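Data block below; observations after.
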Amino acid sequence: MYNISMEHNDLEILRHSASHIMAMAVKKLFPDAKLAIGPAIEEGFYYDFELPRPLTEEDLPKIEAEMTEIIKKDIPFERLELSKEKASQLLENAGEKYKTELLREIPDAQVSFYKNGDFTDMCRGPHISSTGKIKAFKLLKIAGAYWRGDEKNAMLQRIYGTAFNTKKELDEYVTRMEEALKRDHRRLGKELDLFNIYHEQAGAGLVYYHPKGAALRGVIEDTLKKEHRKRGYQQVVIPHIAKIDLWNTSGHTGYYKENMYFMNIDEQEYVLKPMNCPGHILIFNRKINSYRELPVRFFELGTVYRYERSGVLHGLMRVRGFTQDDAHIFCTQEQLQDEIAKTIDFAFDMIKKFGFEDFKVFLATRPESYVGTEENWKSATKALEDAMKAKGIEYDVDPGAGVFYGPKIDVKLKDAIGRFWQGPTIQVDFNNPERFDLSYIGEDGAHHRPVMIHRVVLGSMERFIGVLTEHYAGAFPFWLAPVQAVVLPIADRHNDHAQKIAELLREKDIRVETDERREKIGLKIREAQMQKVPYMLVVGDKEVELGSVAVRSREKGDLGVRSLEDFLKEAGA
RNA sequence: GCCAGCAUACCUCAGUUGGUAGAGGAGUCGAUUCGUAAUCGACCUGUCGCCGGUUCGAUUCCGGCUGCUGGCUCCA
């Protein structure tokens, strides 16, 4: 354990040193370059520069060549300590305005610099002993980045790269990137004919599900509906637009305005719903509620629309219209922790059902802009913490990442190639019950304020389908596959039998297609295989005679002849 | 929104000194009736993303717009 973390640390030092070497190379090519920051990151390193001209892809090989030279010379990294005054003078003389700004914020009297030959950079370190220690590196891409991540600041040019201890590890990294590209959901969405975004004709960030994508989504939605019913949720359906008054009450017009779409109908202002909660609250509030009825759990496959800046849209992962498996639980204070615990169990059950084994849990606390009292926030946060502690769940705190009306638990799913994606979120809300003046009649006959839990289990259908597609690289397990089996007759005379087989399977609720084209069986198999259909059922003279099918599995190839019943049993249908 | 790059047939992509375009796959038609990842042949396919400018002439050069990709920022 200790060793692994040490190695990781070494890699960080190596990458950070590589970023210095890159800065050195850039300074050589662009003597006027101003240095900003250049840290090691999860997959490599970057350095931000202000440059006299924009970089292009063609600059990368030149910078790489300079770096290779520097590495070959095996220049030592020398650490020097300077007083703040001297450091400031040095940086100002060099015109390093970004470094000067950083220096001003360092509280210590002494600051460290690292020097390689004639290149010096203010840096905490540590570094490798000399440049020759870098055995494998690669520059990956260029990008724009604001100074300190603030769009009010200057746009700097960032170069991303990565470095490893060995050439082999670098090659593996490159291979992994290629693998990620191959399973990109946007690419697979096209290849498997699942969905499309008709950007030009219909708008960015708005998803159209083709029949196969809709089939997949249908399976997911049916599963969700069933699982929610099992756990005492009632499904509701609400309209997609509502008068602005509703959003004034909830506080959305104050704290969520940037993300909302407004429209005018008969001189009245309406809002395209960015969230489902106010709608569910209206339904809860339709009558006087008794404590005997709580908790009330409303579930909806709720479609919401949020304005997202054009630059952030990304396939199914970041869109402007999406459907959440959203629910709102109205309960008493006393029920709160138990309800949170149940919700966590539900979420974990579901993500495991869909094939995700690993995840990370975060507690997102109060953001800068929020509604409600400090006290409400404190007790809401505590309720989430207590529930997780009671269940022994390990989590990290994500400060300031809560929603404007309450703190939340975020679960991030790890996919098949080790990347994390936003999954379930559970939010506690003391604020909306107050804003909407919600109440229930307690045992004592008096009015009491219920607490609300907002939660999604899979998140949005869009993002989840995107994640699921990348996780399985398009090869969905049998129960999820848009087409579960395809029947392949060898010659025309086998078509009747093929149709009969398909019909029998449809009766069993299997999604099945037949391929009656006058093509060779090899071609039909190849195409079914590329479409990642779990089972191919080949029928020829032998199968017609026996009334059977020859089963070929997507993973295992030819499995031989068997009866339809045996096939169904084997497939787990 | 900002920085950089990109936009050519249904898809993937060629196309340089500016003279209205091609390849493979897909599709259609025909032949082949075939046993576990590609049978053969013929045919069809385009306002070269949109609008404007420069030019005798623009897919090519310039500007604007729409959108995509990778980042910044944000997030289900």
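Owing to the predicted nature of the structure, the values given are computational and were not obtained by experimental measurement. Order of the sequence lines sets the chain letters (A, B, ...), proteins ahead of strands, with each chain counted from 1.
In this structure, the nucleotide among B:rG35, B:rC75, B:rG67 sitting nearest to the side chain of A:R306 is B:rC75. Minimum atom distance to the side chain of A:I490 is reached by B:rC34, of the listed B:rC75, B:rC34, B:rA37. Checking B:rA76, B:rG71, B:rC34 against every side-chain atom of A:Q422, the shortest atom distance belongs to B:rA76. The side chain of A:I521 lies closest to B:rG35, out of B:rA76, B:rG35, B:rG71. Checking B:rG35, B:rA37, B:rA76 against the side-chain heavy atoms of A:K408 singles out B:rA76 as nearest. Closest approach to the A:V319 side chain among B:rA76, B:rC68, B:rG71 is made by B:rA76 (side chain taken as heavy atoms from C-beta onward). The side chain of A:L523 approaches B:rU39 more closely than any other nucleotide in the set B:rU39, B:rA76, B:rG35. Looking at the side chain of A:R526, the nearest of the listed nucleotides B:rA38, B:rG70, B:rG35 is B:rA38. Taking the side chain of A:M530 as heavy atoms from C-beta on, and the options B:rA76, B:rU36, B:rA37, the nearest nucleotide is B:rA37. Considering only the side chain of A:R552, B:rA37 comes nearest among B:rA76, B:rG71, B:rA37.
By the stacking rule of 5.5 Å between ring centres and under 30° between planes, A:F322 stacks on the base of B:rA76.
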Watson-Crick and G-U pairing of RNA chain B written in dot-bracket, each distance under 3.5 angstrom, with | for inter-strand partners: (((((((..((((.....[..)))).(((((.......))))).....(((((..]....))))))))))))....
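Position along RNA chain B of the nearest nucleotide to A:Y307 versus A:D184 favours A:Y307 as the more 5'-ward residue. Nucleotides of RNA chain B nearest to A:G560 and A:N259 differ in position, and the one nearer the 5' end is that of A:G560.
Considering A:K97, A:E101, A:M155, A:K152 as possible partners of A:W147, the one that fulfils the side chain to side chain contact (heavy atoms under 4.5 Å, CB included) test is A:E101.
With contacts defined as side-chain heavy-atom distances shorter than 4.5 Å, the pair A:L60/A:L55 does not qualify. A:M317 has its side chain out of reach of A:Q422: every pair of non-hydrogen atoms, C-beta onward, lies at least 4.5 Å apart. Between A:M275 and A:H454, every side-chain heavy-atom pair lies at or beyond the 4.5 Å cut-off.
Nucleotide B:rC74 holds its C1' atom 16 Å from the CH2 atom of A:W421, rounded to whole Å. Atoms CD1 (A:I525) and P (B:rA37) sit 6 Å apart, rounded to a whole Å. In this structure, the CZ atom of A:R493 is 10 Å from the P atom of B:rG35, given to the nearest Å. Regarding A:E527, its CD atom lies at a distance of 12 Å from the P atom of B:rG25, rounded to whole Å. Taking atom CZ of residue A:R517 and atom C1' of nucleotide B:rU39, one finds them 13 Å apart after rounding to whole Å. One can place CE of A:M536 at 18 Å from P of B:rG35, the figure rounded to the nearest angstrom.
The P atoms of B:rU20 and B:rU59 are separated by 10 Å, rounded to the nearest whole Å.
Using cut-offs of 30° and 60° for the angle between ring planes, the A:Y256 and A:F404 rings count as tilted.
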Cut-off 3.5 Å, no hydrogens considered: what does the side-chain donor-acceptor table look like for residues 347-370 of chain A, sequence neighbours left out?
from   : atom 1 : to     : atom 2 : distance (Å)
A:D349 : OD2    : A:R231 : NH2    : 3.2
A:T365 : OG1    : A:G400 : N      : 3.0

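A:Q324 comes within 4.0 angstrom of sugar-phosphate atoms only, judged by non-hydrogen atoms across all strands, and of no base. When heavy atoms are screened at a 4.0 angstrom cut-off, A:Q531 is found touching no nucleic acid atom at all. Within 4.0 Å (heavy atoms only), A:V304 reaches no atom of the nucleic acid at all.
With hydrogens and angles disregarded, a donor-acceptor distance shorter than 3.5 Å links the side chain of A:S19 to the backbone of A:G38. When atom types are taken as modelled, the side chain of A:R183 and the backbone of A:H471 share a donor-acceptor pair closer than 3.5 angstrom.
Taking a cutoff of 4.0 Å between a charged side-chain nitrogen and a carboxylate oxygen, A:E300 and A:K273 qualify as a salt bridge. Ion pairing of A:K62 with A:E66 is absent here, as no side-chain N (NZ or NE/NH1/NH2) approaches a carboxylate O to less than 4.0 Å.
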A correct 5'-to-3' footprint of nucleotides 2-13 of chain B, with B, S and - meaning base, sugar-phosphate only and no protein heavy atom under 4.0 Å, is BBS------SS-
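Using a 3.5 Å distance cut-off with no hydrogens or angles, the side chains of A:Y405 and A:Q427 do pair a donor with an acceptor.
No hydrogens or angles were tested; on distance alone, nothing pairs the side chain of A:E258 with the base of B:rG1 as donor and acceptor under 3.5 Å.
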